[in-house]
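Computed from a predicted model, the values in this text were never measured in an experiment.
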Amino acid sequence: QNASSPIMEELIAFHDHALMIIFLISSLVLYIISLMLTTKLTHTSTMNAQEIEMIWTILPAIILIMIALPSLRILYMTDEFNKPYLTLKAIGHQWYWSYEYSDYEDLAFDSYITPTYFLEPGEFRLLEVDNRTTLPMEADIRMLITSQDVLHSWAVPSLGVKTDAIPGRLNQAMLASMRPGLF
């Protein structure tokens, strides 16, 4: 699915940024290797040059900084928690998820996977559930994620959210959808 949140758009842009750096480095290394294999000339003056040693020491450090700074910015963006509009608690069980809207009393439900033989044409196996979670659009939503029995993973890839549900631990994630849809 396409990105539906600002965080996921930032993650996609960072992926493209890092991929271009890797592509440029790989192209340069491939060019140098092919040049070394095809030429018969060797330059003895470059074997002891300190300038080239400085370049291949400083250049990787600059490249790492060019990758690390955007990565850290996105990492801090994912941990920002402003005043949430809504809090939703997801509790993982062995075969289903329980959801509780913490801001409202007695608003909780279980969400089971729809069995394969009940699926309609066009529905996705292992993704369709009997009770879908409904969330508002363009609102900051705080997710509290935990588990009752074993480790689980609560993820919505198009919103850029993936958090582990661990028994006895309450993990927190923030999400916001900028367009309506089924995620």
Side-chain angles (χ1 to χ4, degrees), residues 1-20 22 65-183:
Q1 287 184 334
N2 293 331
S4 300
S5 70
I7 296 294
M8 192 59 196
E9 289 175 357
E10 290 287 330
L11 286 170
I12 290 172
F14 173 69
H15 171 266
D16 295 344
H17 171 74
L19 197 62
M20 287 307 297
I22 291 169
I65 289 171
M66 287 175 53
I67 294 174
L69 290 179
S71 174
L72 287 173
R73 186 176 65 83
I74 293 172
L75 185 64
Y76 284 114
M77 281 176 57
T78 58
D79 282 341
E80 273 186 24
F81 289 100
N82 297 329
K83 293 182 180 180
Y85 179 76
L86 179 72
T87 301
L88 177 65
K89 185 177 181 182
I91 304 167
H93 301 278
Q94 196 160 2
W95 294 104
Y96 64 98
W97 286 91
S98 295
Y99 293 98
E100 298 174 3
Y101 289 90
S102 301
D103 299 335
Y104 305 99
E105 278 189 38
D106 299 329
L107 189 53
F109 61 93
D110 294 334
S111 182
Y112 291 89
I113 292 177
T114 305
T116 305
Y117 49 85
F118 286 134
L119 290 177
E120 299 291 327
E123 292 183 335
F124 295 109
R125 185 177 159 270
L126 299 178
L127 289 178
E128 296 296 329
V129 294
D130 60 350
N131 291 322
R132 292 184 176 148
T133 304
T134 305
L135 297 173
M137 186 179 79
E138 295 180 358
D140 290 334
I141 299 164
R142 177 177 48 199
M143 289 294 305
L144 301 175
I145 302 157
T146 188
S147 172
Q148 186 136 22
D149 45 20
V150 296
L151 296 176
H152 297 281
S153 182
W154 193 88
V156 184
S158 62
L159 297 178
V161 178
K162 182 180 180 300
T163 306
D164 292 330
I166 302 168
R169 180 178 175 149
L170 192 63
N171 288 328
Q172 182 170 293
M174 195 71 148
L175 61 95
S177 175
M178 292 297 123
R179 64 179 175 91
L182 179 64
F183 309 113

Contact between Tyr99 and Ser111 at the side-chain level, heavy atoms closer than 4.5 Å - yes or no? yes
Is the backbone of Asp164 close enough, under 3.5 Å, to the side chain of Asn171 for a donor and an acceptor to pair up by distance? yes
Taking side chain as C-beta onward, heavy atoms only, is Ile67 less than 4.5 Å from Ile65? no
Between the main-chain N or O of Leu170 and the side-chain N or O of Thr146, is there a donor-acceptor pair closer than 3.5 Å? no
Does some side-chain heavy atom of Met174 sit less than 4.5 Å from a side-chain heavy atom of Met143? no
Taking atom OH of Tyr85 as the centre, report whether more than 12 heavy atoms of other residues, nucleotides or ligands fall under 6.0 Å from it. no
Going by heavy atoms in the side chains, are Leu151 and Pro167 under 4.5 Å from each other? yes
Could you check whether any side-chain heavy atom of Ser158 comes within less than 4.5 Å of a side-chain heavy atom of Ser4, counting everything from C-beta outward? yes
If we only count heavy atoms from C-beta on, is the Glu128 to Ile113 side-chain gap below 4.5 Å? no
Closest non-hydrogen contact found for His152 with Ser147 is CD2-OG, 3.1 Å
Less than 4.5 Å apart, side chain to side chain, heavy atoms only: is that true for Tyr101 and Leu135? yes
State plainly whether the residues Arg73 and Glu10 are in salt-bridge range, i.e. N to O under 4.0 Å. yes
Do the side chains of Asp140 and Lys83 get nearer than 4.5 Å, heavy atoms only? no
Within the 3.5 Å criterion, strictly below it, is a donor on Asp110 or Ser98 matched to an acceptor on the partner's side chain? yes
Taking atom types as modelled, find out whether Ser153 and Lys162 have a side-chain donor-acceptor pair closer than 3.5 angstrom. yes
